[in-house]
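All remarks here apply to the structure that follows.
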Amino acid sequence: QEAILGIIRSEIANLGAAQSNTAGLEELHRNLLTEQQKSHTVLLEQVNMKFDEKKNEIAESTQKELKVIESQIHSLQDSYRKIVEPPEGGHKHGRSALGGIELVNQ
């Protein structure tokens, strides 16, 4: 009987150690998941920062291009006015029905 009690006590001790190991593994698993979530959060923040940087670069570039286009439009409008509107006491350039340029007296 003493031998059987010794075996039972040994098995109980082994069971306690196994439960302790299981609890330790579960805690380790939780810690790993937490660290993985932190890592994913950091990566997501980095991706968002890069996205914002690129978005801002594109916005700045687009604004510069718009300013160039606006400048070209103003230049074309000025050129058009010089063609259509006569200078002080001068002649007006107009288009004939045939599409050629002719001088028109004011």
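The basis for the numbers below is simple: all heavy atoms, side chains too, and nothing from hydrogens, waters or symmetry mates.
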If I take atom CG from residue N48 and atom CG from residue L44, how far apart are they, to the nearest 0.5 angstrom? 4.5 Å
Stepwise, does the salt bridge (charged side-chain N to carboxylate O under 4.0 Å, His left out) test hold for E35 with K38? CA-CA 5 Å; E35 289 303 314; K38 287 179 186 176; 3.4 Å; yes
With a 3.5 Å distance limit and no angle check, can you tell me whether T62 reaches the backbone of I58 through a side-chain donor-acceptor pair? yes
Pairwise distance CG(L15) to CD1(I8) - rounded to 0.5 angstrom: 12.5 Å
If I take atom CE from residue M49 and atom CD from residue E45, how far apart are they, to the nearest 0.5 angstrom? 8.5 Å
With distance as the sole test, does S61 use its side chain to make a donor-acceptor pair with the main-chain N or O of E57 at under 3.5 Å? no
Any donor-acceptor pair under 3.5 Å linking the side chain of T34 with the backbone of R30? yes
Could you measure the distance from the CD atom of Q36 to the NE2 atom of H29? Nearest 0.5 Å is fine. 8.5 Å
Please confirm whether the backbone N or O of Q37 pairs with a side-chain atom of T41, one donor and one acceptor, at under 3.5 Å? yes
Looking only at atom types and distance, does a side-chain atom of S71 sit under 3.5 Å from a main-chain N or O of K67, one as donor and one as acceptor? no
Find the distance between CD1 (I4) and CD (E2) and round it off to the nearest 0.5 Å. 10.0 Å
Within-4.5 Å side-chain heavy-atom neighbours: K50 and E53: yes
To the nearest 0.5 Å, what is the distance between CG on N14 and CG on N21? 10.5 Å
Connected to L33, directly or through other members, by ILVMFWY side-chain contacts below 4.5 Å are none
